> 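Could you have a look at this structure, given as structure tokens, before my questions?
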Protein chains: 2
Amino acid sequence: MAGITILDVARAAGVSTSTVSNLLNGRTGRMLPETRERVESTIRDLGYRPNRAARQLRTGKPQVIGLVVPSVGNPYWGALARYLEAAALTEGYHVLLCNSERDPARERQYVDELVSDGIRGIVLCSSLPSLEHVSGLIEDGLRLVAFDRTAQADDPVGLVNVSVDNTIGAELMGEHLVSLGHRRIAFVSGAIRSVNRTERFAGFLRALERAGIARPDVVTWPGSSSADGTFGDVEAAELGRVAATELLTGPNPPSAIFAVNDMTAIGVCRAVRDAGMEVGREVSVAGFDDIVLAELYSPRLTTVRQPMKEMAAAAFRALHAPADGQPTSQATSLLFRPELVVRDSTAAPVA
Amino acid sequence: MAGITILDVARAAGVSTSTVSNLLNGRTGRMLPETRERVESTIRDLGYRPNRAARQLRTGKPQVIGLVVPSVGNPYWGALARYLEAAALTEGYHVLLCNSERDPARERQYVDELVSDGIRGIVLCSSLPSLEHVSGLIEDGLRLVAFDRTAQADDPVGLVNVSVDNTIGAELMGEHLVSLGHRRIAFVSGAIRSVNRTERFAGFLRALERAGIARPDVVTWPGSSSADGTFGDVEAAELGRVAATELLTGPNPPSAIFAVNDMTAIGVCRAVRDAGMEVGREVSVAGFDDIVLAELYSPRLTTVRQPMKEMAAAAFRALHAPADGQPTSQATSLLFRPELVVRDSTAAPVA
DNA sequence: CGACTCCGGTGTAACGATGCACCGACCATA
DNA sequence: TATGGTCGGTGCATCGTTACACCGGAGTCG
């Protein structure tokens, strides 16, 4: 149960607490190698671990980063949380988990709370298009990474965005569908308002235009917003189901449907089956994200993979990087390369 | 960005820091109502928030609980994390997230680390059958909740277990399958070693015995253990797939398969389809847990629901409950009532 | 009237780690 | 021999909060 302090170590090693502190903080040049080794072995023998609270009180910088996600119940965010925690662990950092439930007020409150708890690094997965409300905090020294979002014109200076290249990812999927022989392809999404949806749609259009294909059917959905206590995943799936039903029963149905994310794609698959057709034969369905479910679903979902592990690691590095660069650097985007993952839900059109 | 301390409040309200501290800690009887109101409004006006680090340094008790799960990437644990965080929030507590990746050493190390960081409450989702290694910590005052696990004979005193009643849940499912008319039913699980698997199997057997049905086929699988970097979910699904394939291609195949959890059930569904049969017609498949996927899967999975939200809230209460009861109370189990959720993956046998 | 007991506070020593400001010893240089 | 510059440390004030110890005044009791 610990209780063993830096003073105990200092006494046992026959040095002052300052020397132990110096060693702990990398100022090893200030002592004889022999002293250093003696202190190090004392630390090991005693099983000493510095008290984080005391350290934070003194330095103002806790060894903790904040993660604000809509809901870790969603496997996409769950995966981020998992990898981010793993990355943080390598540097001795811990992750404080916050679920905003897609409530902007709650999201803001969490950020404020984390900041006033002294936390200096936050990964924010915001549902808000603008992040202006945090610019003050960033100016005051907060390191803020916006995840799953690319840079915008009005971004606060100092913000770092980490995201997959949505445009290219969607373009890859567009090309894939075209190359399979599909000519009539629909895009299903909630309201195309958020940054990444816009980009995915744009990339998709680009691929089709290059192939000389007419502007596709586009079905979007207002998306009954926000925190009603459900996962929001179910909502996304329901959106896909409703939209696809409409498309398939309408005139001139598409032979392929590209959903804005995997959850929506799963809803689309349901609708296809409900309409008496088989996914991957009569109708091709594609998603985006490559969440765990994509591989487990039946049929296995063709999708665009986000390199989550690398993205999470990069997000942590951006928070943790020493602040020795110019404090007000350019707002940056870290874009990651998406990867097309072809599975069983897409195939050449039958007719 | 805070920077405003209890001293600022004290000065502005014309009292001593002690009085402010007394107010903050509920010792309101020690002051005039008028004083109290003055201090309270000063706190509001200044937007004062107590510094957690300083408070922890003084009291030794941080406003943080630890959550150790195999991986939040798994939707089951993700849901727990989500609800636990919500419960903690209501009391101003934060949740520190730790992924053990099913590595016992890592699990132990996390617990030690959290404890030596001063954390006094941990929800542990252990893959270990015995929790003896934490009994020392519990004696030293750690409040430890074991989630998804029921009490064992050699449990440390003071441990609180929170779990669904696995036996009854499995019994409900057994009854359901029997009542549909199934007579030959298989149980698919990884090695029946962990507590909850044992219970689920026992409950299932009980239902069959009561119905006068012979001991069912049982397929278990050694389960290639531990942390190979994958989610472990995929592994569970793969287990289901392999096991079901073996069952269905063998002699005298079952008409229904009960999987130990939803992930495994999903693998079973895949195998059924691969064998050219339809889930919910030729073969019924049932799971356990009712993770998000269960509802989204196709066909929608019949399963046993765990009341996650209530269980998470109870886990938090067990951690947070004042220690005024006898410090060494009986080891307790909080068992929750499971609920049978009948969806599309089970039906009466065809023949 | 003296001794007690409340009441409504206040003063202040911790909690454990940090890092600036020192300091003595030794060496080199002029 | 004075001067200055490392080297290898140490002393101690400090971070913000808590809670124990105390205190003056008013009321009560015998």
Side-chain angles (χ1 to χ4, degrees), chain A residues 1-40 42-43 46-64 92 113 115-120 141, chain B residues 1-40 42-43 46-64 92 113 115-120 141:
Chain A
M1 218 54 190
I4 147 149
T5 79
I6 200 173
L7 184 59
D8 299 322
V9 175
R11 272 204 272 257
V15 295
S16 72
T17 61
S18 304
T19 298
V20 181
S21 174
N22 283 334
L23 172 56
L24 252 30
N25 291 279
R27 286 179 288 271
T28 49
R30 293 217 165 288
M31 69 202 71
L32 253 27
E34 139 194 337
T35 308
R36 169 182 181 169
E37 276 174 32
R38 183 157 35 93
V39 175
E40 278 175 342
T42 308
I43 288 177
L46 266 50
Y48 166 72
R49 293 175 44 81
N51 178 313
R52 284 182 193 238
R55 176 177 282 181
Q56 169 178 355
L57 179 58
R58 192 69 244 270
T59 65
K61 295 164 203 298
Q63 300 252 73
V64 174
E113 205 172 315
V115 166
S116 72
D117 283 351
I119 285 171
R120 307 296 269 251
Chain B
M1 218 53 191
I4 147 147
T5 78
I6 201 174
L7 183 60
D8 300 322
V9 175
R11 274 204 271 257
V15 295
S16 71
T17 60
S18 304
T19 298
V20 181
S21 174
N22 283 335
L23 172 56
L24 254 29
N25 292 279
R27 287 178 288 270
T28 50
R30 292 215 166 290
M31 68 202 71
L32 255 25
E34 143 194 333
T35 309
R36 170 182 178 168
E37 277 173 33
R38 184 158 33 93
V39 175
E40 279 176 341
T42 307
I43 287 177
L46 267 49
Y48 166 72
R49 293 175 46 82
N51 178 313
R52 283 181 193 238
R55 175 176 282 179
Q56 170 179 353
L57 178 59
R58 192 69 244 268
T59 64
K61 295 167 204 296
Q63 299 253 74
V64 174
E113 205 172 314
V115 166
S116 72
D117 283 351
I119 285 172
R120 309 294 270 249

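Throughout, a chain's letter reflects where its sequence line sits, starting with A, and its residues are numbered from 1. Every value quoted in this text rests on a predicted model; they were computed, and no experiment measured them.
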> Do you know the tightest heavy-atom contact between A:G118 and A:P62?
O-CD, 2.9 Å
> Roughly how far apart are A:L57 CG and B:Q56 CD, rounded to 0.5 Å?
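Here the interatomic distance stands at 10.0 Å.
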> Any residue in residues 18-37 of chain B with a heavy atom nearer than 4.0 angstrom to DNA chain D? Just list them by number, or reply none.
B:S18, B:S21, B:N25, B:R27
> Is it true that a side-chain atom of B:R52 and a backbone atom of B:Q63 form a donor plus acceptor pair closer than 3.5 Å?
yes
> For the atom pair CG (B:D8) and OG1 (B:T17), what is the distance rounded to the nearest 0.5 Å?
11.5 Å
> Got a list of side-chain donor-acceptor pairs under 3.5 Å for residues 27-36 of chain A, not counting sequence neighbours?
unit_1, atom_1, unit_2, atom_2, d
A:R27, NE, A:N22, OD1, 2.9
A:R36, NE, A:E40, OE2, 3.2

> Give me the first and last nucleotide of DNA chain D, going 5' to 3', that has any atom under 4.0 Å from a heavy atom of chain A.
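For DNA chain D, the relevant span reads D:dG8 to D:dG16.
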> Enter the distance from A:L24:CG to A:Y48:OH here, rounded to the nearest 0.5 Å.
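That separation rounds to 5.0 Å.
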> In Å and rounded to the nearest 0.5 Å, what is the CD1 to NZ distance from B:I119 to B:K61?
13.0 Å
> I'd like to check the side-chain hydrogen bond (donor to acceptor under 3.5 Å, both in side chains) partners of A:R38; sequence neighbours left out, ordered by chain and number.
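So A:R38 forms no side-chain hydrogen bond (donor to acceptor under 3.5 Å, both in side chains) with any residue.
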> Test your reading of the model: is there a side-chain donor-acceptor pair from A:N51 to the backbone of A:A53, 3.5 Å cut-off?
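Present.
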> For B:D117 and C:dA17, give me the distance from atom CG to atom C1', rounded to whole Å.
14 Å
> Mind checking the CG-CD1 spacing from A:L46 to A:I4? Nearest 0.5 Å is all I need.
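The distance works out to 3.5 Å.
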> Just report the end-to-end axis angle for the helix from C:dC1-D:dG30 to C:dA30-D:dT1, five pairs per end, to 10 degrees.
60°
> To the nearest 0.5 angstrom, please state how far the CD1 atom of B:I6 sits from the CZ atom of B:R55.
8.5 Å
> Backbone N or O of B:V15 within a donor-acceptor pair of the B:T19 side chain at under 3.5 Å?
no
> Show the distances under 3.5 angstrom between N or O atoms of the protein and N or O atoms of nucleotides 14-16 of chain C.
unit_1, atom_1, unit_2, atom_2, d
C:dA14, N3, B:R58, NE, 3.4
C:dG16, N2, A:A54, O, 3.4

